[in-house]
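Here the structure is laid out as structure tokens; the discussion comes afterwards.
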Amino acid sequence: MEIKLIFKALTDRISNMFIERHHIRLLLDLARLGSLSRAAGAQNITQSAASQRLHEAERRLGIALTSKQGRSLTLTEAGQHLVAKAQKAEHILVTAESEALWIARASGRRLRLILTVFDRFDFLPQLVSMLSTQDITLSILRNDVDQAGTLLSDGFADLLLTPAPMAPLGFSSYTLFRDQLVGVCAPDHPLANHHILQPKTFIPERYLTYSDQPGSGFEYEQFFQPAGVMPGRVERIESVAMLTDVVASGHGVSILPALATRADADAGRIVSRPLSESTRLEWSLIYRPGIDEIITAMKLVDIFRECFQKQ
């Protein structure tokens, strides 16, 4: 019992050496408004209470934070330093509090789906609708391919939809849809007159790609490399949605998974053409362990597959 009392007295003494958030906010308002009376008004306390709070902060730290010059109260050099640091800290804390409240309201039965450079799909409204019938909300996260695995591993996301086999260790992966690469161009582009696109037809073109690093299983490995050719001019746009917009404007051509171009091709914004070489790929759904706490894995896979089939 005696040890507990000693420990409590020690912790109370240590806690009294530091100021608290209401002290910080008073100092911030004092610096912002220039007078203790106005700072007290901003804090909804009397000037007397504000003065007592200020003295308490100085007592706890054992230093002077303000000095009186005539009838004005100004911050000392130490007070100015504290306020400068506190302004940044207060902004971080307010933001963190808002985010925590938002996350708490958006939590519950929620799935966080990562979309990488492939960010134009026609099945997303259907997916949102089908998950809502299971009382599940869907959050869509946009991130780099290289960081997607880390987000899953660190618990910041639940699902990843990808045409690349890249499941992190310990994660499950299901094939949803077999796809193929297609050449895309504007409807009035000369390539639109071709029924099938050969590798050499891309040599003189302004070729748009979402990555300047040749990926395994994509156009470089399956299409250009076997033919021994490469487009003469390659430009990088790290978003299929934006890349497709540029293609539709007539300022470039590309090769993309058919699924990622379907909505724009159906709308007549772009034209897609088959390639002369077989270029198959598979869309996979990668999900974190413990997903069954929200929805069974097979039910989730069935919903995604149904969305693919309906479009």
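Note that this is a predicted model, so its numbers are computed, not measured.
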| message | Would the distance check show the side chain of Gln80 and the main-chain N or O of Leu65 forming a donor-acceptor pair, the cut-off being under 3.5 Å? | response | no

| request: Compare every heavy atom of Pro199 with every heavy atom of Phe224, then report the nearest pair and how far apart it is. | output: CE2-O, 4.0 Å

| field | Arg269 and Asp245: CA distance, side-chain angles, deciding distance, side chain to side chain contact (heavy atoms under 4.5 Å, CB included) verdict | value | CA-CA 8 Å; Arg269 298 182 67 242; Asp245 287 341; 2.8 Å; yes

| field | Distance flag, aromatic centroids of Phe223 and Phe218, threshold under 6.0 Å | value | no

| field | Donor on one side chain, acceptor on other, Thr74 and Ser67, under 3.5 Å | value | yes

| message | Please say yes or no: joined through hydrophobic side-chain contacts below 4.5 Å, possibly via intermediate residues, are Leu181 and Ile196 part of one cluster? | response | no

| task | Establish whether Val128 and Leu131 are linked, either directly or via other cluster members, by ILVMFWY side-chain heavy-atom contacts under 4.5 Å. | result | yes

| said: I'd like to know if Arg288 and Asp158 make a salt bridge, using a cut-off of under 4.0 Å between side-chain N and carboxylate O. | reply: yes

| CZ-OG1 distance between Arg109 and Thr137, expressed to the nearest 0.5 angstrom | 9.5 Å

| Glu97/Arg21 ion pair, N-O < 4.0 Å | yes

| task | Measure from the side-chain N and O atoms of Arg273 to the backbone N and O of His194, and report whether any donor-acceptor pair falls under 3.5 Å. | result | yes

| Side chains of Ser173 and Leu285: does their closest heavy-atom pair fall under 4.5 Å? | no

| message | Would Tyr287 and Leu160 count as a side chain to side chain contact (heavy atoms under 4.5 Å, CB included) here? Give the steps. | response | CA-CA 6 Å; Tyr287 57 86; Leu160 169 63; over 6 Å; no

| message | For a 4.5 angstrom cut-off between non-hydrogen side-chain atoms, does Thr296 reach Ile291? | response | no

| note | CG (Leu281) and CD (Gln180) are apart, to the nearest 0.5 Å, by 8.5 Å

| Looking only at side chains, do Thr46 and Ser48 share a donor and an acceptor under 3.5 Å apart? | no

| Is any side-chain heavy atom of Leu159 less than 4.5 Å from a side-chain heavy atom of Arg112? | no

| Taking the inter-plane angle between the rings of Tyr207 and Phe202 on a 0 to 90° scale, is it parallel (under 30°), tilted (30 to 60°) or perpendicular (over 60°)? | perpendicular

| field | Between CD1 on residue Ile270 and CZ on residue Arg262, distance to nearest 0.5 Å | value | 12.5 Å

| task | Could you walk me through whether Leu127 and Leu138 pass side chain to side chain contact (heavy atoms under 4.5 Å, CB included), step by step? | result | CA-CA 9 Å; Leu127 178 62; Leu138 180 68; 3.8 Å; yes

| Does NE2 belonging to His81 count more than 12 external heavy atoms closer than 6.0 Å? | no

| said: Within this structure, what is the CD1-CD distance for the pair Ile45 and Gln52, rounded to the nearest 0.5 Å? | reply: 9.0 Å

| field | Leu124 side chain reached by Leu115 side chain, heavy atoms, under 4.5 Å | value | yes

| task | Please report the C-alpha distance between Asp264 and Asp122 in whole Å, then the side-chain angles of each, then the deciding distance to 0.1 Å, and finally whether the side chain to side chain contact (heavy atoms under 4.5 Å, CB included) criterion is met. | result | CA-CA 9 Å; Asp264 291 294; Asp122 52 3; over 6 Å; no

| field | N-O pairing of Arg38 and Asp29 below 4.0 Å | value | no

| message | With rounding to the nearest 0.5 angstrom, report the OG to CZ distance, Ser35 to Arg32. | response | 11.0 Å

| Between Leu259 and Leu243, is there a shared hydrophobic cluster once you connect ILVMFWY residues whose side-chain heavy atoms come closer than 4.5 Å? | yes

| Would Val182 and Val240 show up in the same hydrophobic cluster when neighbours are defined by side-chain heavy atoms closer than 4.5 Å? | yes

| task | Before accepting this row, confirm whether a basic side-chain N of the pair Asp292/Lys299 lies closer than 4.0 Å to the acidic partner's carboxylate O. | result | no

| message | Please check: side-chain N/O of Thr209 versus main-chain N/O of Ser211, any donor-acceptor pairing under 3.5 Å? | response | yes

| query | Do any N or O atoms from the side chain of Thr95 and from the backbone of His91 form a donor-acceptor pair under 3.5 angstrom? | reply | yes

| query | If you take all heavy atoms of Gly268 and Pro187, which pair is closest and at what distance? | reply | O-CG, 3.4 Å

| field | Nearest heavy atoms of Ala42 and Leu33, plus distance in Å | value | CB-CD1, 3.8 Å

| Would a 4.5 Å heavy-atom cut-off, applied to side chains only, mark Met130 and Cys307 as touching? | yes

| request: Indicate yes or no for a side-chain donor-acceptor contact from Ser129 to the backbone of Gln126 under 3.5 Å, with no hydrogens or angles considered. | output: no

| query | To the nearest 0.5 Å, what is the distance between CG (Leu176) and OG (Ser284)? | reply | 6.5 Å

| request: Would you kindly say whether Glu205 and His189 are connected by a side-chain donor-acceptor distance under 3.5 Å? | output: yes

| Should the pair Glu56-Arg53 be classified as a salt bridge under the 4.0 Å nitrogen-to-oxygen rule? | no

| task | Could you pull out all residues at least two apart from Ser72 that satisfy side chain to side chain contact (heavy atoms under 4.5 Å, CB included)? | result | none

| query | Is it true that Leu75 and Ile24 fall in one hydrophobic cluster, defined by side-chain heavy atoms closer than 4.5 Å? | reply | yes

| Heavy-atom donor-acceptor pair, Gln225 side chain to Tyr220 backbone, under 3.5 Å | no

| message | Could you check whether Tyr174 and Trp283 have their ring centres less than 6.0 Å apart? | response | no

| So, for Ala50 and Ala40, which heavy atoms are closest and what is the spacing to 0.1 Å? | CB-CB, 3.7 Å

Enumerate donor-acceptor pairs with a distance under 3.5 Å from any side-chain N or O in residues 229-238 to protein atoms, sequence neighbours excluded.
unit_1, atom_1, unit_2, atom_2, d
Arg233, NE, Glu235, OE2, 2.8
Arg233, NH2, Glu235, OE2, 2.8
Glu235, OE1, Arg206, NE, 3.1
Glu235, OE1, Arg206, NH2, 2.9
Glu235, OE2, Arg206, NE, 3.0
Arg236, NE, Glu238, OE2, 2.9
Arg236, NH1, Asp212, OD1, 3.0
Arg236, NH1, Asp212, OD2, 3.3
Arg236, NH2, Glu238, OE2, 2.3

| message | Any non-hydrogen side-chain atom of Glu219 less than 4.5 Å from a side-chain atom of Thr279? | response | no

| message | Applying the side chain to side chain donor-acceptor pair (under 3.5 Å) criterion to Arg25, which one of Gln43, Glu90, Glu20 satisfies it? | response | Glu90

| task | With the side chain counted from C-beta on, respond yes when Ile255 and Val184 share a heavy-atom pair under 4.5 Å apart, and no when they do not. | result | no

| Below 4.5 Å, heavy atoms only, C-beta onward: do Val253 and Val247 meet side chain to side chain? | no

| message | If I compare all heavy atoms of Ala78 with all of Ala64, which pair ends up nearest, and what's the gap? | response | CB-O, 4.2 Å

| remark: ring pair (Phe, Tyr, Trp, His ring centres under 6.0 Å) filter on Phe304, not counting sequence neighbours, yields none

| query | Would you call Arg142 and Asp119 a salt bridge, using N to O less than 4.0 angstrom? | reply | yes

| task | Measure across Leu197 and Gly183 and return the closest heavy-atom pair with its distance rounded to 0.1 Å. | result | CD1-CA, 3.7 Å

